[in-house]
Engineer: 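Pasting a structure below so you can have a look.
Computed from heavy atoms alone, side chains included, the values below leave out hydrogens, waters and symmetry copies.
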Amino acid sequence: MSSLYRILWKTLQEDDAVTGIVGDRIYPLRAPSSAALPRITYERTVSGHEHHMEGSSGLTNPRFTVDCWASSSADAEDLADAVRLALDATIGQTIFGVDVRSIFVESIEDDVFFRGDGSQKADYLSSVDFSIWYRETKPS
């Protein structure tokens, strides 16, 4: 698992507001089919390395989507808010050797998925796209 995946997992796992909602149900990429709600999944959707006319700037700007799953839209939104606040707190920190410069919320999108079991029960999703800026380690 890359440093950024580990940073996101560590940040979310150590935040009391987040774990107060999901416990340890925080998964990179996909959750197991047996994972209960509420839960979080996250993945890198874009990876960018910034350059200027003289070459690399030393900054990189990947984008991650953090999916907040719950049994109601209000609970999914509350979880998304807790995630946003937890990630905001990482600005200016060095975690696993990565110098986190800034984290921006690019967008938040809500959705609902009805279960295919005929029960009319649904899983609610609040997806938060984050743009993360950090200083790259230059190869020696």
Side-chain angles (χ1 to χ4, degrees):
M1 187 180 315
S2 76
S3 292
L4 286 178
Y5 277 90
R6 290 183 13 232
I7 288 168
L8 285 174
W9 185 86
K10 180 181 187 307
T11 300
L12 297 174
Q13 190 67 38
E14 290 182 353
D15 187 85
D16 292 338
V18 171
T19 57
I21 297 170
V22 299
D24 65 352
R25 294 181 302 277
I26 302 170
Y27 307 98
L29 302 175
R30 302 282 180 257
S33 59
S34 61
L37 296 177
R39 67 176 177 256
I40 293 171
T41 56
Y42 60 97
E43 65 183 325
R44 181 174 35 203
T45 56
V46 175
S47 187
H49 299 271
E50 299 302 312
H51 290 79
H52 48 67
M53 295 304 286
E54 295 179 18
S56 175
S57 70
L59 293 173
T60 189
N61 179 224
R63 194 165 169 172
F64 277 79
T65 297
V66 179
D67 290 330
C68 301
W69 296 89
S71 56
S72 74
S73 60
D75 288 346
E77 291 173 18
D78 289 346
L79 179 54
D81 283 342
V83 165
R84 178 183 54 79
L85 292 171
L87 292 176
D88 279 350
T90 64
I91 296 170
Q93 292 187 30
T94 300
I95 305 170
F96 294 122
V98 174
D99 179 17
V100 179
R101 294 299 176 105
S102 64
I103 297 178
F104 299 102
V105 173
E106 295 286 340
S107 65
I108 299 174
E109 189 175 326
D110 298 323
D111 209 342
V112 60
F113 296 90
F114 289 95
R115 298 176 188 166
D117 60 4
S119 68
Q120 295 303 310
K121 291 183 179 180
D123 295 338
Y124 293 84
L125 171 65
S126 190
S127 290
V128 185
D129 286 335
F130 289 94
S131 175
I132 302 172
W133 286 89
Y134 70 95
R135 172 113 1 237
E136 287 186 290
T137 303
K138 294 194 177 196
S140 48

Engineer: Evaluate the side-chain contact (heavy atoms from CB on, under 4.5 Å) criterion for residues Leu87 and Thr11: first the C-alpha distance (whole Å), next the side-chain angles of each, then the deciding distance (0.1 Å), finally the verdict.
Structural biologist: CA-CA 7 Å; Leu87 292 176; Thr11 300; 3.9 Å; yes

Engineer: Distance check, rounded to the nearest 0.5 Å: Leu12 atom CG versus Ile26 atom CD1?
Structural biologist: 5.0 Å

Engineer: Could you note down all residue pairs passing salt bridge (charged side-chain N to carboxylate O under 4.0 Å, His left out) where residues 91-115 supplies at least one of them, sequence neighbours left out?
Structural biologist: Asp99-Arg101, Arg115-Asp123

Engineer: Rounded to the nearest 0.5 Å, how far apart are CG of Asp67 and OG of Ser127?
Structural biologist: 3.5 Å

Engineer: Rounded to the nearest 0.5 Å, what separation is found between the CZ atom of Arg63 and the CG atom of Asp129?
Structural biologist: 4.5 Å

Engineer: Might you point out which heavy atoms bring Cys68 and Val83 nearest each other, and give the distance in Å?
Structural biologist: SG-CG2, 3.9 Å

Engineer: Heavy atoms only: give me the nearest Arg25-Pro38 pair and the separation to one decimal.
Structural biologist: NE-O, 2.7 Å

Engineer: Heavy atoms, side chains only, cut-off 4.5 Å: are Tyr27 and Tyr42 in contact?
Structural biologist: no

Engineer: If a pair satisfies ring-ring contact (aromatic ring centres under 6.0 Å, His included) and one of its residues is in residues 63-86, list it, with sequence neighbours excluded.
Structural biologist: Tyr5-Phe64, Trp69-Phe113

Engineer: Got a sec, which hydrophobics cluster with Tyr124, joining ILVMFWY side chains under 4.5 Å apart, including via others?
Structural biologist: Val112, Phe114

Engineer: Working note: Leu79 + Ile40, criterion side-chain contact (heavy atoms from CB on, under 4.5 Å); need CA distance, chi angles, decisive distance, verdict.
Structural biologist: CA-CA 9 Å; Leu79 179 54; Ile40 293 171; 3.9 Å; yes

Engineer: For Asp117, look at atom CG and say whether over 12 heavy atoms of other residues, nucleotides or ligands are found less than 6.0 Å away.
Structural biologist: yes

Engineer: Minimum heavy-atom separation for Arg30 to Thr41, with atom names?
Structural biologist: C-CG2, 4.1 Å

Engineer: To the nearest 0.5 Å, what is the distance between CZ on Phe104 and CG on Asp88?
Structural biologist: 10.0 Å

Engineer: Evaluate side-chain contact (heavy atoms from CB on, under 4.5 Å) for Trp9 paired with Ile7, printing each intermediate quantity in order.
Structural biologist: CA-CA 5 Å; Trp9 185 86; Ile7 288 168; over 6 Å; no

Engineer: Are Leu29 and Leu125 linked, directly or through intermediate hydrophobic residues, by side-chain heavy-atom contacts shorter than 4.5 Å (ILVMFWY only)?
Structural biologist: no

Engineer: How far does CG of Leu37 sit from OG of Ser72, to the nearest 0.5 angstrom?
Structural biologist: 10.0 Å

Engineer: CZ of Phe130 to OG of Ser102: how many Å apart, nearest 0.5 Å?
Structural biologist: 12.5 Å

Engineer: Between Ala80 and Ser126, which heavy-atom pair has the shortest distance, and what is it?
Structural biologist: CB-OG, 3.5 Å

